[in-house]
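Read through the structure below, which is laid out as structure tokens, and then see the notes.
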Amino acid sequence: MSSFTMYTTPWCGYCHRLKSQLDREGITYEIVDIEQSPEAAKIVETANNGNQTVPTLVYADGSAQTNPSVAQVKEKLAALSV
């Protein structure tokens, strides 16, 4: 089961870096390419004041983080599991 959804693009260096860090930590997530999904692009725009900024992570509680560090992701996941 994934912990959150990461909205990304294939060319995003920040996305690749965060994916690698999350994989090393064993954190599960779902990937959605906003260039392949107009609906996903709208979700990202809503979370980022109209901008398609990636990586954008959306959690089960509906909250979002844009370009977070792996430490911020771990902190958010810990808060959600309480």
Side-chain angles (χ1 to χ4, degrees):
M1 182 177 180
S2 61
S3 304
F4 54 86
T5 301
M6 181 189 301
Y7 295 92
T8 183
T9 61
W11 48 265
C12 170
Y14 295 110
C15 301
H16 289 289
R17 183 185 68 209
L18 183 58
K19 285 185 231 178
S20 295
Q21 293 169 337
L22 294 170
D23 291 345
R24 276 196 300 275
E25 294 289 332
I27 298 171
T28 59
Y29 53 94
E30 179 183 347
I31 293 283
V32 177
D33 180 351
I34 68 168
E35 291 185 337
Q36 301 301 316
S37 172
E39 302 81 29
K42 289 188 188 325
I43 292 168
V44 170
E45 288 173 3
T46 299
N48 294 292
N49 299 314
N51 297 310
Q52 290 186 4
T53 307
V54 290
T56 294
L57 282 54
V58 177
Y59 297 90
D61 67 352
S63 65
Q65 290 178 314
T66 303
N67 197 18
S69 67
V70 71
Q72 289 170 312
V73 174
K74 289 169 77 174
E75 184 178 304
K76 177 63 177 179
L77 292 174
L80 289 174
S81 68
V82 173

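Positions are given from 1 along the sequence.
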Nearest atoms (heavy-atom pairs only) where [X] meets [Y]:
{"X": "Ala41", "Y": "Gln52", "result": "CB-NE2, 3.7 Å"}
{"X": "Cys12", "Y": "Pro55", "result": "SG-CD, 4.1 Å"}
{"X": "Ala64", "Y": "Thr56", "result": "CB-CG2, 4.4 Å"}

Going from [atom1] on [X] to [atom2] on [Y], what distance comes out if it is rounded to the nearest 0.5 angstrom?
{"X": "Asn67", "Y": "Tyr14", "atom1": "CG", "atom2": "OH", "result": "6.5 Å"}
{"X": "Leu80", "Y": "Glu75", "atom1": "CG", "atom2": "CD", "result": "11.0 Å"}
{"X": "Leu22", "Y": "Leu57", "atom1": "CG", "atom2": "CG", "result": "7.0 Å"}
{"X": "Thr8", "Y": "Lys19", "atom1": "OG1", "atom2": "NZ", "result": "4.0 Å"}

Residue pairs involving [range] (criterion salt bridge (charged side-chain N to carboxylate O under 4.0 Å, His left out); sequence neighbours excluded):
{"range": "residues 50-60", "answer": "none"}
{"range": "residues 5-17", "answer": "none"}
{"range": "residues 49-72", "answer": "Asp61-Lys76"}
{"range": "residues 35-56", "answer": "none"}

Q. Under the side chain to side chain donor-acceptor pair (under 3.5 Å) test, which residues partner Tyr59, sequence neighbours left out?
A.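 So Tyr59 forms a side chain to side chain donor-acceptor pair (under 3.5 Å) with Gln65.
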Q: Would you list the pairs meeting ring pair (Phe, Tyr, Trp, His ring centres under 6.0 Å) in which at least one residue belongs to residues 30-52, sequence neighbours left out?
A: none
(Q) For residues 61-82, which residue pairs pass the ring pair (Phe, Tyr, Trp, His ring centres under 6.0 Å) check, not counting sequence neighbours? (A)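 Ring pair (Phe, Tyr, Trp, His ring centres under 6.0 Å) check on residues 61-82 returns no pairs.
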Q. With clusters built from Ile, Leu, Val, Met, Phe, Trp and Tyr whose side-chain heavy atoms come within less than 4.5 Å, directly or transitively, what are the remaining members of the cluster of Ile34, listed by chain and number?
A.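 Grouped by the 4.5 Å side-chain rule, Tyr7, Val32, Ile43, Val44, Val54, Val58 form the rest of the cluster around Ile34.
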The criterion is side chain to side chain contact (heavy atoms under 4.5 Å, CB included); which residues satisfy it with [X], sequence neighbours excluded?
{"X": "Asn49", "result": "none"}
{"X": "Ser69", "result": "Ala71, Gln72"}
{"X": "Glu25", "result": "Ile27, Val70, Lys74"}
{"X": "Asn51", "result": "Asn48, Thr53"}

Q) Are any side-chain N or O atoms of Ser3 and backbone N or O atoms of Thr28, one a donor and one an acceptor, separated by less than 3.5 Å? A)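 Looks like yes, one N/O pair under 3.5 Å.
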Q. So, does His16 use its side chain to make a donor-acceptor pair with the main chain of Trp11 at under 3.5 Å?
A. no
